Structure formats: C-alpha cells, structure tokens
Amino acid sequence: MAPWKALPEHLDPQAGRLVDRLRRLKDATGLSFTALATRTSYSRSSWERYLNGRKLPPADAVTELAVLAGADPDRMLALHTLAAQTWTGPQPKDAATPGTSGAGPEPTEPEPDPGAAPEAAATAPAPAPAPAEPDAPAAVPPALIGEPDVPAEPVRARSARRTLLAAGSALVVVAAVLAVVVTLVLPGRGSAGVGEEEHRRTATEEFAFKPDRTYDCDIHRFEGRLYAGHSDTQDALLQQISTTWEVVEAQCLLEHRGYRIGGIDGAYGPATERAVKRLQDKEGLVVDGIMGPHTWEALRR
C-alpha cells in the first residue's frame, strides 16, 4: 500500500492523532478510496480530504469507518470530539460565488494530478476524466464531481440503516425502563434501606459516548464522602481519551469543587486534565493530570 502524504504542519496534535488513527483504520480494511465510498455514506473525494487532513470528517463518517475496520466507535468519537475543539485545517472552497444571492455551493474543479507535467496542464483545454478504479461500481454523475460529503450509498440502503438505528434506540429506551422497574422492586430498596444504599445511586446502563450529550449531577454525601450519582469508584485510573461513567463522576465533582471544565460529557479531554492538575496542585499531590486513588480521595472529601 502506498505511503500516506505528510499531514499539514498547522494541524493541532489532537487533530493529527484523529487523522492518523483514521488512516490506520482504512489500511486495516484494505479498501481503496473508491471502494470505501461504495461501503459508506461519503464520496471518494470526501474521504481523500478527511484522510489528508484538509477537512474535519463528520462524526458519522468516523463511526462508519470504525465499524468497517472492526474498531471501537465510541473511542473514535472521543478522538473526534477532542480534535473538533482545536481543528484549524483549511476547508474546501464550498461557498457560493461572491455577488450571487441564494445560490447553492458551486461544484469545485477536480484536483490536478500532482505528477502531471506543468506544460501539459497549461496546454490542455480541459482536464480529462480520470480512469475509474477497478472496484468502482459506476461513474459518478458529473453534477456531483467535487461536491463535499456527497452520499454514495443507495437510497434503499440508507433507509434500511436509519430503520436499524431507530430500532436500536427503541431497545435502549426499553432496557432503561426495565432497569428502573427492577431497581424499584428489589428487596431492601424501600425506606428502611435508603441510608445504607445512598452512595450507590450510580448509573446502571453501559456508557456510550455521544458528542452532543451532557449529564446532570446528583451531588450528595455518604459517610463523609462526595458522590455525584454516576460512579462510586475510589481508584479508577482515568486519563486523556477515557470515556466512561467514572469520567462523568469526576467531571461533576470537579465542577462542584469549583474547577471549571466547560461541560459534563464523559470525555476526558484537555479541559478535564487541566482541572485535575489544578486540584492536584492545591492538594499537594503529584501534578500529572491523571485520576488515580490519591486524586479520587482528595476529590471526594
């Protein structure tokens, strides 16, 4: 497989980490750009921009590539969220031509072949159509050439995928309702057992990171320790890229203690790491930005 081009120098390290990981996933699938377009909802030109660091890929594109490569979509979405906070890469020219009103984005010209001779490019009246790759299912209509993020998936396949996603969401809701019902009818959950189980008001569902979701905090004390209702851990090891209920618990307690992080989303990003370092510095701990037993002890006081 041909080596990848060097990433743009202006990319932030978080953005570079996301693109590098996406390149590895594509290599793992063994698919060409054209074959990748036929297996996902995004065109060949879109994938070239994403994997060359010229445009931040949508969260859905990251998820689809992770599923194709057999990787963890939640971990890839966490990388995408961190990259989106600092992405500075140039975007393709999709804006309408100045002076027009209400016009949609103009299709961009196909990118020239870097290996073509300069004089040939100057004399040719128009760029010749590139030959289709062997695994291309059909030629792309001329009206779609150069447009960003053109879905290449058939309408019937997209409809089926939406149906599956809706069914999966319904199953999650049903499972959550059943969990609440079971919790309410278990022995020892009545008024007599409230004091003994107060610190175990923690999340019972499996954590699934979603970039746009935030969580509420149920701050309370039990036996002199602070809890936020998402985890009762005392020693979970957390650091950048962690996405768990323990991260939600730590973020709630940090905000409650006055160490602002901007949002309770369950992703251990740069803001959460900085807040942990401020706490560690104030408590006289090793300032490494990693949540461990000593940091948890100081946070729950």
Side-chain angles (χ1 to χ4, degrees), residues 12-18 20-22 24-25 59 62-63 66 69-86 179 197-301:
D12 181 87
Q14 297 288 3
R17 186 184 305 176
L18 172 65
D20 180 68
R21 182 59 179 156
L22 289 174
R24 295 184 186 180
L25 294 183
V62 172
T63 299
D72 182 3
D74 289 342
R75 180 171 290 273
M76 292 304 302
L77 284 175
L79 283 173
H80 179 272
T81 297
L82 297 177
Q85 296 174 0
T86 56
E197 296 296 327
E198 183 69 18
H199 71 295
R200 297 196 178 275
R201 289 186 291 170
T202 59
T204 57
E205 63 181 281
E206 182 178 355
F207 184 85
F209 176 77
K210 297 180 180 179
D212 299 328
R213 182 177 178 181
T214 57
Y215 300 86
D216 295 327
C217 303
D218 178 19
I219 304 297
H220 59 281
R221 282 191 176 274
F222 177 78
E223 295 183 351
R225 294 180 179 272
L226 275 177
Y227 295 89
H230 298 287
S231 174
D232 58 359
T233 183
Q234 305 293 332
D235 55 3
L237 187 64
L238 306 177
Q239 55 189 335
Q240 282 224 40
I241 310 303
S242 297
T243 54
T244 63
W245 285 118
E246 285 74 20
V247 175
V248 179
E249 179 81 1
Q251 290 176 330
C252 283
L253 297 180
L254 286 166
E255 285 277 352
H256 178 73
R257 297 285 297 272
Y259 301 95
R260 302 304 177 195
I261 59 176
I264 313 299
D265 58 2
Y268 200 104
T272 302
E273 184 180 73
R274 288 193 296 269
V276 170
K277 286 182 177 180
R278 292 197 299 270
L279 170 69
Q280 291 171 332
D281 182 65
K282 181 179 178 180
E283 297 294 334
L285 303 174
V286 175
V287 181
D288 57 3
I290 298 175
M291 286 291 301
H294 297 296
T295 307
W296 278 110
E297 181 179 0
L299 190 57
R300 292 197 185 277
R301 290 175 185 165

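Note that the structure is a prediction, hence the values are computed from the model and not measured. All values below were derived from every heavy atom in this structure, side-chain atoms included, with hydrogens, water molecules and symmetry-related copies excluded.
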- Task: Working to the nearest 0.5 Å, report the span between CG of Leu82 and CD of Gln240.
- Result: 6.0 Å
- Hey, does Arg75 have a side-chain heavy atom less than 4.5 Å from the side chain of Ile241? yes
- Query: Does a side-chain N-to-carboxylate-O contact under 4.0 Å join Lys277 and Asp281?
  - Reply: no
- Task: Over all heavy atoms of both residues, which pair between Tyr259 and Lys282 is shortest? Give the atoms and the distance, please.
- Result: OH-CD, 3.1 Å
- Item | Distance in Å, Asp72 CG paired with Thr63 OG1, rounded so as to fall on 0.5 Å steps | 10.0 Å
- Shortest non-hydrogen pair, Asp74 vs Ala208, comes out as OD2-CA, 3.8 Å
- Query: Is the backbone of Ile261 close enough, under 3.5 Å, to the side chain of Glu255 for a donor and an acceptor to pair up by distance?
  - Reply: yes
- Task: Output yes when a side-chain donor or acceptor of Gln280 lies under 3.5 Å from a complementary backbone atom of Ile290, and no otherwise.
- Result: yes
- Task: Indicate yes or no: at least one non-hydrogen side-chain atom of Asp232 is less than 4.5 angstrom from one of Phe222.
- Result: no
- Query: Heavy atoms, side chains only, cut-off 4.5 Å: are Leu253 and Ile219 in contact?
  - Reply: yes
- State, yes or no, whether a side-chain contact exists between Asp20 and Arg17 at a heavy-atom distance under 4.5 Å. no
- Message: I'd like to know if the side chain of Arg300 reaches the main chain of Thr233, judged simply by a donor and an acceptor atom lying under 3.5 Å from each other, with no hydrogens or angles considered.
- Response: yes
- Got a donor-acceptor contact below 3.5 angstrom from the Glu246 side chain to the Ala236 backbone? no
- Would a distance-only check, ignoring hydrogens and angles, find a side-chain to backbone donor-acceptor pair under 3.5 Å from Gln234 to Trp296? no
- Identified side-chain contact (heavy atoms from CB on, under 4.5 Å) counterpart of Leu226 within the set Arg257, Glu249, Arg301: Arg257
- Here the pair of heavy atoms bringing Thr243 nearest to Phe207 is O-CD2, 3.5 Å
- Within the distance-only criterion (no hydrogens, no angle test), does the side chain of Arg225 pair as donor or acceptor with the backbone N or O of Leu299 below 3.5 angstrom? no
- Task: Please work out which of the three classes, parallel, tilted or perpendicular, describes the rings of His230 and Trp245, given edges at 30° and 60°.
- Result: parallel
- Task: Kindly say whether Ala267 contributes a backbone atom to a donor-acceptor pair with the side chain of Gln251 at under 3.5 angstrom?
- Result: yes
- Query: Can you find a pair of side-chain heavy atoms, one from Ser242 and one from Met291, that are under 4.5 Å apart?
  - Reply: no
- Query: Run the side chain to side chain contact (heavy atoms under 4.5 Å, CB included) check on Leu18 and Met76 step by step: do they pass?
  - Reply: CA-CA 8 Å; Leu18 172 65; Met76 292 304 302; 4.2 Å; yes
- State, to 0.1 Å, how close Ala228 and Cys252 come at their nearest heavy-atom pair, and which atoms those are. CB-CB, 3.5 Å
- Message: Can you tell me how far apart OG1 (Thr295) and CG (Leu254) are? Round to the nearest 0.5 Å.
- Response: 9.5 Å
- Query: Val248 versus Ser231: any side-chain heavy-atom pair under 4.5 Å?
  - Reply: no
- Note on the structure: Smallest heavy-atom separation, Arg21 atom then Ala71 atom, equals NH2-CB, 4.3 Å
- Message: What's the separation between atom OG1 in Thr214 and atom CG in Asp216, rounded to the nearest 0.5 Å?
- Response: 7.0 Å
- Item | Nearest non-hydrogen partners of Ala298 and Leu285, listed with the distance | CB-CD1, 4.2 Å
